[in-house]
Structures are given as C-alpha cells and as structure tokens.
Number of protein chains: 2
Amino acid sequence: MSTPTVYDVANHAGVSIATVSRVYRNPDTVRAETRDRVLAAARTLGYVPSGNARGLASRATGVLGLCFPDNLQYDEHREETQELGHEAHHDEADLMIYSDEVIRGMERAARERGYGLLIAATVAGDPASTVADVAGRVDGVAVLAGTVSTAELEVISRRLPVVMLAGPRENPALDHLDHVEVANFDGQLAMTRHLIVDHGLTKLAFVGGPPNSPDGEARFRGFQAAHLEAGLDIPAEPRIRAGLTTSSGRHAIGELLATLPERPQAVMFANDQMAVGALPELEHRGLRVPADIAVTGFDDISVSRLVRPALTTVRQPMQELGRHAVDLLLARVADRDRAPVSRLLQVSMVRRASCGCRVSHDHQPLNGS
Amino acid sequence: MSTPTVYDVANHAGVSIATVSRVYRNPDTVRAETRDRVLAAARTLGYVPSGNARGLASRATGVLGLCFPDNLQYDEHREETQELGHEAHHDEADLMIYSDEVIRGMERAARERGYGLLIAATVAGDPASTVADVAGRVDGVAVLAGTVSTAELEVISRRLPVVMLAGPRENPALDHLDHVEVANFDGQLAMTRHLIVDHGLTKLAFVGGPPNSPDGEARFRGFQAAHLEAGLDIPAEPRIRAGLTTSSGRHAIGELLATLPERPQAVMFANDQMAVGALPELEHRGLRVPADIAVTGFDDISVSRLVRPALTTVRQPMQELGRHAVDLLLARVADRDRAPVSRLLQVSMVRRASCGCRVSHDHQPLNGS
DNA sequence: GTGAAAGCGCTAACAG
DNA sequence: CTGTTAGCGCTTTCAC
C-alpha cells in the first residue's frame with residue numbers, strides 16, 4: 001500500500017480506527033500504552049493523516065485563505081526596463097511588496113492561532129474560479145480589493161467567512177462582510193498639508209495609480225482636500241497615473257518633467273514603490289531631493305528608510321491588515337451570526353529627508369476619522 | 001441548508017450529482033443547455049465546491065506546500081532595536097525577505113501551473129506536526145533546510161513528493177528526495193577573490209550566520225578558500241556570528257570595531273540583510289564605504305541596489321529556488337519513480353559601489369562547480 | 001477507554 | 001450525454 005491510512009495503522013497496532021483518530025485528535029482520551037502503540041505503528045508505516053479526509057469529516061480545515069490580484073498586469077513598462085539589463089529582474093521582485101507584507105502579516109497571525117495560510121493570486125482571465133478554489137478548502141478567506149467580482153464574492157461569502165481588505169465597503173451586496181481598510185484619505189491629507197504648511201510648497205504634483213485602485217483614489221482625494229483647505233486650486237485628476245511599480249515611478253519622472261510647463265516643487269507618489277523608483281531617476285537628471293524637488297510616498301515599505309535620501313512617507317500597517325484579517329475571520333468562524341465589523345486602521349506620517357525635514361525618526365500618529 | 005452540496009444543485013437543476021460534478025470538472029462533456037441549468041442552480045443556491053471532498057475523492061488537491069523555519073528566533077537583538085523607536089518595526093518586517101522571495105517564486109510558478117500554495121512556518125517547539133499538517137493537504141511539499149527533522153521528512157516523503165531547498169544533501173536517509181541548492185561556496189569564493197585580487201585588500205572580516213545555517217557555512221568555506229588560494233592566513237571561524245537580520249548586522253559593526261586590534265579593510269556579510277543594516281551604522285560612526293572600509297553581502301535582495309552606497313553582493317536566484325521547487329514537485333507528481341534530481345543553481349557577482357567598484361550594473365555569472 | 005457504524009461532499013468508472 | 005454506484009480517509013455519536 002502506497003499511502004497508509006487509519007485502517008493500516010489500526011491493524012498494525014491492533015486497535016480500531018476510532019482509536020487511531022483519537023490519538024491524533026484528543027490524545028488524552030486514550031490510554032498511554034495504547035497511544036504509544038498507535039504512534040509506533042504510525043511511524044513504522046509512515047502514516048501522515050489526510051488533511052482532506054479530516055477536513056471533510058470535521059468540516060474544518062485549519063487553514064485560512066488569501067486571494068489577491070495578479071498585479072503584474074499593471075506594469076506597463078516592463079519591457080522597457082530591459083535597458084538596465086540585469087537590474088530589471090528586480091522590478092518583478094519589487095512589485096508585490098505590498099501584498100507580501102499582507103501575506104506575511106496573515107501568515108504570522110494565522111500561525112499564532114494554529115492556522116495555515118493558502119495563498120493564491122487571481123490570474124487575469126478567470127479570477128472567479130481561483131477564489132472559489134481557495135474558498136473550497138479553507139475555513140475563511142481574505143480578499144484584497146479588486147481581486148474578484150462582487151457577485152462571486154457574494155456567493156462565496158454565503159458559504160464561509162470572508163473579509164475584504166483595503167476595499168471600499170460601499171457595495172450594499174457586500175454589507176454583511178467584515179472589512180479592514182486603512183486611513184488613506186487622512187494620511188495623504190496630512191502629508192500634503194505638511195508640504196504646504198510646514199514647507200511652504202504650493203506647486204505639488206500627484207502621481208496616482210490606476211483608476212481602479214481604491215487606495216490610490218482615496219489618497220488622491222486626500223491630496224485634493226489639502227488643496228481645498230489651503231485655498232489652492234484643486235486638481236481634478238492626478239497629474240499622471242502610473243502602475244504603482246518601481247519602474248513606472250522612474251518613468252513618471254520623465255513624463256512629469258516633459259509635460260509640465262514648470263517643474264513642481266514636490267512630487268507626491270501614490271505609493272512608496274514609485275517614489276523609490278523615482279529617486280535614482282531624479283538623481284540621474286541632476287535634480288537634488290529635497291533641495292530642488294521634494295518627494296513623498298505612501299506605505300512605508302521597508303526600503304523607504306534605506307534609500308537616500310530616506311523617503312518621507314505615510315506608514316500604513318500592512319502586516320496589521322493581515323493580522324486583522326485573521327482576527328476577523330476567526331471571530332466569524334466562532335460566531336457566524338455576529339454583526340459585520342469594519343475596521344479602519346490608522347496611518348502615521350514618517351518624516352524623513354526626502355521632504356526636506358531633517359529628522360529621520362520622527363513618527364507621529366494621525367487622527368484618522 | 002447552510003452550505004449547498006452537489007445534491008442540492010442536482011435537485012434544483014433536475015440532474016444527477018454526476019452531472020453537476022462534470023460541469024465543474026470537464027464542462028465539455030455536458031450539453032450546453034444542461035450545463036447552464038446547473039450553473040444557474042449553483043448560482044442561486046450559492047454553491048462552492050468543497051476542495052476537501054474533491055481532494056479526497058480524486059486524491060489530488062491542486063495545491064503545493066511550502067514549509068520554512070520560523071526565523072524570528074534567530075534575532076537576538078530585537079529588544080535593543082527599541083532605541084530607534086518606530087524604525088524598529090522594520091526589522092521584523094525585513095526579517096524574512098529571503099523566504100519571501102522563495103514564497104513569491106513558488107507562488108508564481110505554482111499559479112502558472114494551476115496550483116495554489118499552502119505556506120506554513122514551523123513554530124519552534126513542535127515543528128513536526130506543522131509539516132505533517134501541510135503534507136496532509138497538498139500534492140507535494142517544499143521544505144526549506146532546517147525546518148524539520150530528518151526522521152519526520154523521511155516519513156513524509158514516503159507519502160508525497162518532497163523537495164528540499166537550500167539544504168545539503170549529505171544525509172543518506174534523504175537520498176531519494178529532490179534537492180535544489182545554490183552555489184554558495186563558489187559565490188563567496190569569487191567575491192572574496194575579487195576583494196583580494198582586484199581591490200588588493202588582505203584584511204577581511206567575515207560576519208557569519210548561526211552555525212546551523214548550511215548556506216552561511218558554505219559561504220564561509222568559500223571565504224576560506226579564497227584565502228587559501230591567495231596564500232593568506234586562513235581564518236578558522238567567522239570573525240563574528242550574527243542573526244542574519246538587519247539589526248544584527250548593525251550590531252555586528254560595533255562588535256567588530258571593538259573587538260579587532262585593527263580595523264579590517266573589508267567586511268563581508270553572510271547575507272545582504274546584515275550588510276544593509278551595517279551601512280547606516282558605519283555611516284553613523286564616520287566610516288566611509290568603500291573608501292575606509294569595503295562592504296559586501298550575499299543574496300542580492302531588492303534593497304541592495306537601492307541603499308547608498310549600492311551594495312556589492314552575490315546574486316542568488318531566490319525566486320528561482322521556488323520555481324525549481326514547483327518544477328521538481330510537479331515532475332515527481334507525474335512520475336513518482338523518476339530518479340532523484342539535484343539542482344545546483346548558479347550565482348553571479350554583482351559589483352556595485354560598496355566594494356569600491358564604480359560600475360553599478362556589472363553582472364557576471366560564475367562557473368559554479 | 002475503546003469499538004462499530006454512519007456519513008462528510010465529491011469523483012470516477014461503468015452502464016445505459 | 002447522463003445516471004448509478006462505490007468508495008476516498010477520517011471524525012463522530014452512540015454503545016459497550
């Protein structure tokens with residue numbers, strides 16, 4: 001027999017399959033001697049319990065799922081980066097830092113609670129089935145905004161706990177879902193205000209993400225609000241939209257400088273990835289940051305404090321997103337009927353060198369609504 | 001009924017359960033009209049196939065597993081980093097960049113082949129059960145070196161395909177496993193030779209990882225070999241051993257400068273994380289890199305080209321590790337009896353600024369043995 | 001403390 | 001093209 005089952009172990013140990021099962025599920029209910037006999041048999045036979053059978057019989061898998069969109073599709077500049085030769089490899093690697101953080105946060109939190117993590121990015125094309133596949137084999141699933149259609153989500157959420165990450169909760173069909181989002185608006189507002197008020201800058205350019213990125217749009221609204229507040233002209237659209245990647249950030253600089261009549265005093269990127277990509281490009285073009293032009297990002301990914309100048313940004317607790325997802329998921333596993341919960345995670349401004357602030361470790365929380 | 005099954009859908013659609021199953025498994029074998037009826041029923045009922053039942057019945061899950069050690073235990077400096085306030089958060093985040101890359105590589109490769117990825121870090125304490133848990137619900141599992149005992153691995157590998165990542169294959173009990181490793185020795189040898197021959201440096205300090213890190217030890221042997229080759233004294237041990245983390249790299253600098261009679265001309269870190277952590281600390285102490293002291297790393301994680309000075313390092317294809325894992329796993333799923341395969345992935349030297357080279361994009365492959 | 005038996009939800013021949 | 005019939009390997013009452 002290739003893969004031993006409970007039956008094999010039971011035979012070998014001279015007990016019933018129920019006892020074998022008990023040894024693994026609640027060892028205390030089995031006499032020590034019997035238990036040892038079973039364990040020995042299992043070892044010599046090379047028995048590994050089937051998670052599937054276990055899951056089927058007990059209607060619980062001990063695994064949580066995470067689905068996120070295959071962001072590769074966003075990077076419209078991928079071929080062009082060939083010009084850098086080997087270095088281009090990195091762009092692909094950099095690309096998913098955000099979801100990586102969420103993955104990591106979920107993985108850790110899940111582990112602490114004794115759960116595994118099943119991750120799957122939806123492939124552009126048939127996003128639906130991927131999520132359903134995952135949903136079919138976990139106790140609960142977290143879905144990053146933009147991963148799957150509302151309809152699909154609605155169906156899935158009827159079967160198991162679903163938490164929506166970083167997505168707007170405006171859709172009434174998804175009202176019964178738990179949500180976790182981040183104070184994007186507040187963060188960008190505060191950062192923009194910082195540039196305007198503290199640094200006295202008035203000509204700011206915002207480099208946004210794709211229009212279908214809820215986070216990016218919320219950040220832009222924060223940018224607008226700061227202008228409104230300061231009595232400046234309110235830009236109707238981001239000056240440029242780019243792919244949220246390092247390479248698109250680099251390219252945005254060229255576009256920005258070529259397009260605008262006069263150079264902005266600051267460029268605010270919708271995320272750190274782009275800002276980080278822009279920094280060397282500015283340097284390359286002989287523009288000094290922050291002396292000639294200030295730069296800000298959003299997210300506070302780990303590279304941001306390592307680049308030079310260190311990046312001023314808004315820290316969002318990416319790993320916390322994952323942790324909250326686990327938290328909400330397990331709470332709902334325990335009580336399917338609890339009222340839907342929506343958590344808004346706070347962000348904080350991190351002033352480093354790229355905005356013109358000297359201090360590097362300053363870190364002040366905001367009062368996100 | 002809370003969670004609809006094939007039976008419910010079959011009833012609702014007026015067909016048999018077999019037909020429902022077919023609609024999902026091979027839709028072409030069902031008449032279009034019937035298929036639509038089933039799909040409609042599924043939608044209104046909120047049907048999501050049970051992955052467990054599916055896996056049980058078909059003895060295949062469509063999921064691959066990845067287990068890795070919970071590296072957090074290695075970072076002996078974690079509390080101390082509090083001194084930096086908020087910035088300390090990052091160390092935890094930085095910590096798993098290596099396994100993150102492997103995860104990402106596996107996830108991508110798995111996705112391309114239509115598989116999901118179940119990840120789980122073993123918790124220090126009961127590493128055994130974690131791997132078994134994963135093993136029980138996947139079609140094949142990749143295990144990062146040091147995750148689990150040989151005995152446990154042996155048992156698991158009797159049940160399903162197992163590939164060992166980054167681990168030495170000296171253990172005869174694991175001879176039947178597929179392996180993927182990286183040319184650590186060759187890489188460190190070449191890099192050390194570069195410092196000695198091209199830069200004329202002779203007083204080099206190696207900052208190693210924990211003794212139980214196979215990668216770190218192999219790199220140190222490469223470091224030794226270069227000394228041998230050049231006729232220099234061969235150090236018996238790394239000058240310092242540290243935790244492979246950013247913070248331990250930072251602390252290593254202090255220890256290094258305090259311990260040694262004279263400052264080394266170069267410090268070679270067993271990985272990039274440590275080197276990246278050391279850079280700001282050197283800057284802080286008024287030492288200029290590379291003018292006063294050269295610095296090298298190993299891995300070429302994405303931050304390495306972004307820090308200033310950009311880090312000279314040995315690029316190892318971390319994502320490729322994951323891709324090869326998927327490749328070998330699926331090959332073995334297809335043919336359980338194929339001969340064990342062992343792949344040695346090549347590394348390449350990336351000369352940037354931190355060693356004293358001007359060029360930033362040079363990238364030359366080595367002839368790893 | 002342990003065994004017997006009935007599923008969990010689905011797939012996979014095999015008929016028709 | 002569709003229905004019938006066995007399980008897949010384990011958990012779980014309910015008896016003993």
Side-chain angles (χ1 to χ4, degrees), chain A residues 1-39 41-42 45-63 129 132-133 135-139 159-160, chain B residues 1-39 41-42 45-63 129 132-133 135-139 159-160:
Chain A
M1 60 212 59
S2 53
T3 64
T5 73
V6 274
Y7 291 95
D8 304 314
V9 177
N11 278 341
H12 198 94
V15 298
S16 75
I17 61 166
T19 299
V20 176
S21 176
R22 286 194 191 95
V23 167
Y24 285 88
R25 255 217 140 351
N26 15 343
D28 319 311
T29 69
V30 179
R31 202 198 321 159
E33 189 225 333
T34 316
R35 195 194 317 151
D36 293 344
R37 204 144 33 91
V38 170
L39 253 16
L45 256 32
Y47 170 71
V48 176
S50 155
N52 284 325
R54 189 120 83 163
L56 222 207
S58 64
R59 49 266 269 95
T61 64
V63 176
S129 59
D133 269 12
R137 40 182 73 261
V138 298
D139 295 340
R159 187 194 213 278
L160 44 47
Chain B
M1 61 213 59
S2 53
T3 64
T5 74
V6 274
Y7 290 95
D8 304 316
V9 177
N11 277 342
H12 199 94
V15 298
S16 75
I17 61 167
T19 298
V20 177
S21 177
R22 286 194 191 95
V23 167
Y24 285 88
R25 251 216 142 352
N26 15 341
D28 319 310
T29 68
V30 179
R31 201 200 319 159
E33 188 226 332
T34 315
R35 194 192 318 150
D36 293 343
R37 202 143 35 92
V38 170
L39 254 16
L45 255 33
Y47 170 72
V48 176
S50 156
N52 283 326
R54 190 120 84 164
L56 223 207
S58 64
R59 49 252 287 99
T61 64
V63 176
S129 57
D133 268 12
R137 43 180 72 259
V138 298
D139 294 341
R159 187 193 214 278
L160 42 46

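First the proteins, then the strands, lettered A, B, ... as listed; each starts at 1.
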Quiz item: Checking side chain to side chain contact (heavy atoms under 4.5 Å, CB included) for the pair A:Val20/A:Tyr7: CA distance, chi angles, key distance, verdict?
Solution: CA-CA 8 Å; A:Val20 176; A:Tyr7 291 95; over 6 Å; no
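- A donor-acceptor pair under 3.5 Å is formed between the side chain of A:Arg137 and the backbone N or O of B:Thr61.
- In this structure, the CZ atom of A:Arg37 is 15 Å from the P atom of C:dG1, given to the nearest Å.
- A:Leu56 places its CG atom 10 Å from the C1' atom of C:dG7, with the value rounded to the nearest Å.
- Distance CG (A:Leu45) to P (D:dG9): 13 Å, rounded to an integer number of Å.
- Side-chain proximity of B:Arg54 to C:dC10, D:dT2, D:dG9: nearest is C:dC10.
- Across all strands, A:Arg22 comes closer than 4.0 Å to base atoms (heavy-atom distances).
- Listed pair B:Ser16 / D:dG3 meets the phosphate criterion, a side-chain N or O lying under 4.0 Å from OP1 or OP2.
- Using a 4.0 Å heavy-atom cutoff across all strands shown, A:Thr5 reaches sugar-phosphate atoms only and no base atom.
- Here the CG-CZ distance, from B:Asp28 to B:Arg35, works out to 6.5 Å after rounding to the nearest 0.5 Å.
- Between B:Arg25 atom CZ and D:dT2 atom C1' there is a gap of 18 Å when expressed in whole angstrom units.
- Checking D:dC10, C:dT2, C:dC10 against the side-chain heavy atoms of A:Thr34 singles out C:dT2 as nearest.
- Atom OH in B:Tyr24 sits about 9 Å away from atom P in C:dC10, given to the nearest Å.
- Spacing between atom CG of A:Asp133 and atom C1' of C:dG9 amounts to 15 Å, rounded to whole angstrom units.
- For the pair B:Arg59 CZ and C:dT11 P, the computed distance is 13 Å after rounding to whole Å.
- A:Ser21 comes within 4.0 angstrom of a base, heavy atoms only.
- A:Asn52 places its CG atom 15 Å from the C1' atom of D:dG7, with the value rounded to the nearest Å.
- When each of A:Ala57 and A:Arg31 is assigned the nucleotide of DNA chain C with its nearest heavy atom, A:Arg31 is the one assigned upstream, toward the 5' end.
- Within the nucleic acid shown, B:Tyr7 comes within 4.0 Å of at least one base atom, counting heavy atoms only.
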- Task: May I have the step-by-step check of side chain to side chain contact (heavy atoms under 4.5 Å, CB included) for B:Val30 and B:Val38, ending in yes or no?
- Result: CA-CA 10 Å; B:Val30 179; B:Val38 170; 5.9 Å; no
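- The residue A:Val15 sits close only to the backbone: its heavy atoms come under 4.0 Å of sugar-phosphate atoms, none of a base.
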| said: I'd like to know whether B:Arg37 forms a side chain to side chain contact (heavy atoms under 4.5 Å, CB included) with B:Val23, so could you lay out the CA-CA distance, the side-chain angles of the two residues, the decisive distance to 0.1 Å, and finally the verdict. | reply: CA-CA 10 Å; B:Arg37 202 143 35 92; B:Val23 167; over 6 Å; no
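- When each of A:Val6 and B:Ala32 is assigned the nucleotide of DNA chain D with its nearest heavy atom, B:Ala32 is the one assigned upstream, toward the 5' end.
- Taking 4.0 angstrom as the limit, A:Thr19 places none of its side-chain polar atoms (N or O) nearer than this to OP1 or OP2 of C:dT2.
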